[in-house]
Amino acid sequence: MIRGPVARISLSAISRNFQSVRKIVQNRPVIAVVKADAYGHGAVSVSKTLLKEGASCIAVAYTGEARELRDAGISAPILVLFDRGDIREYFDYRLIPVLYSTDTAKALSHEAQKRKTTIQVHVKVDTGMGRLGLHGKHIMDDLLKIYGMKGLAIEGLLSHFSEADLSDRSYATEQLEKFQKIKETISRKIKKKVFSHIANSAAVLSYKEAYLDAVRPGIMLYGYSPFVKNHDAVCLKTGKGRSACMNLIPVMTVTTRVLSIRNLPKGTPISYGRTFVTKKQSRICVLPFGYADGYSRLFSNVADVLVKGQRAPIVGRVCMDLTMVDVTGIKNVRENDEAVLIGKQGSEEITAQELADKAGTIPYEILTSIGSRSQRVYV
Ligand SMILES: *Cc1c(COP(=O)(O)O)cnc(C)c1O
C-alpha cells in the first residue's frame, strides 16, 4: 500500500475558479499565487493549468519553487515573493524578485551590471501587514534609491493586506490609502505610471477599489473563501461576489480505503489515552492515515469522514498512521471501502473549511498539510 491518502486534484475546477476570478476583476491581469506547492495541490500541474487559462504571471514564495516550475518547462513570468537567497538564480532562471530591502536591490543591480543586462523586479512596501516590505520614515528615500539603481527594471509596486476577513474594511482602507499615496508620490517623482497590485483573494471577493492594475489571488483558485465565518454574508454585504463565493469549486478531494473493521462490545476503549469508550456494541473502522499525513490530531473525537455516503465520526485520538471511525449506524461497510476525508460522497460533503473550523484553523493550513503529504492524482 502506498503511504497515506490520495488527493484528487481537479484541474477543471482550477480552470473554473480562475475564470471566476477573471470575471470578478473584469479581465485585469491575474498574478496567480502557487506558493507552498500550490497550497498543497502541486505547483507544476496547477501552474500549467492557470497559465493556459490566461494567468499573466505565477507567484511563488522561494526560488526553489520557481526552479521546479522552470525545470518542468514553464516559461511564463514568475514572481518570487519572499526569497533573498542566491541572487544569481534570478538571472539564470529569469525570475522576477520582489524587493523589500535596498541591500538586495544593490546586490541585484551589481550583478545585472556585471552581466551587462537588466533584471525585472517588483518592489514591496509594508503598508501595515508588519511582515516584509520597505517601511518606516525612509520609504520614499529607499524607493527613490532603488528606482535610481542601474540594471533594475522596476515593473511593479506591491503591498499586502493584513486583513483576510474584510467584513470590517477600516484597516484595509488605511493600508490601501497609504499604498496609493506612496504610488502617486513615486509616480510623480519618476514621471511614469507605476504598475501596482495589492489584492489577495479577500480583496478580489469584496474590495473592488483595491483591484488596481492586477490582482494576486491564492486561496480562491483552490475553491475556498478566505473569510473566516459567514462567507456569503461578507460577500453579500459588500454587494460583490456572493455568486462568486458560491461558485468557487473545491479543487481537492482526499480519500482512503478502510483498512480493518472490528465489532467491539460496549465499554471498549479506543486509541491512545482511552479518550473514547464505546457506549454500546459498536462497529469500528481503522483507516490508514494519521497526523503524519497532515490529518491533525486536533480532529480526534471531533471530525467526521464519509463512508457509504454517511458521516462516520472519528473516535479516540488520531494516531501517527491510523485513525478510527465509528460506522455502527452505517450498513454494509466492508474492508477496502472508500472513506472520504475531504470531498463529496453521496449527498454528504466534508470541506476543508469544516475541518478548519473543527481544528480552530483556516482552510489554507488544512489544504497545505494534507495536500502536501497525500499521493496526488490529477483528474
Ligand atoms: C499568499 C499571498 C497572496 C494570496 O493570498 P490569498 O489569501 O491566498 O488570496 C497574495 N500575496 C502575497 C504576498 C501572499 O503572500
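In this text the structure is predicted, and so the values were computed from the model without any measurement. Ligands are counted one by one from 1 in listed order, and the atoms in each one are counted from 1 as well. Here, residue 1 is the first one in the sequence, and each next residue gets the next number.
Judged purely by distance below 3.5 Å, without hydrogens or angles, the side chains of Arg216 and His160 pair a donor atom with an acceptor atom. Between Thr173 and Ser170, the side chains place no donor N or O within less than 3.5 Å of an acceptor N or O (distance only, hydrogens not considered).
Of all atoms in ligand 1, numbered sequentially from 1 with element shown, those under 4.0 Å from a heavy atom of Ile219 are 6 (P), 8 (O), 9 (O). When each atom of ligand 1 is checked for a heavy atom of Tyr39 under 4.0 Å away, the hits are 1 (C), 4 (C), 5 (O), 6 (P), 8 (O).
Heavy-atom neighbours of Arg262 CZ from other residues, nucleotides or ligands within 6.0 Å: at or below the threshold of 12.
Annotation for Asn301 and Gly316: closest pair OD1-N, 2.7 Å, computed over non-hydrogen atoms.
Closest heavy-atom approach to atom 7 (O) of ligand 1 among the candidates Tyr224, Tyr364, Tyr222, Phe161: Tyr364. In this comparison of Arg216, Met220, Arg131, His197, the heavy atom closest to atom 10 (C) of ligand 1 sits on Arg216.
Under 4.0 Å from ligand 1, the heavy atoms of Pro217 that appear belong solely to its backbone.
Rounding to the nearest 0.5 Å places OG of Ser196 at 6.5 Å from CG of Leu157.
Protein heavy atom at the shortest distance from atom 12 (C) of ligand 1 is His160 CE1, 3.4 Å. Here the heavy atom of the protein found nearest to atom 15 (O) of ligand 1 is Lys35 NZ, 2.5 Å.
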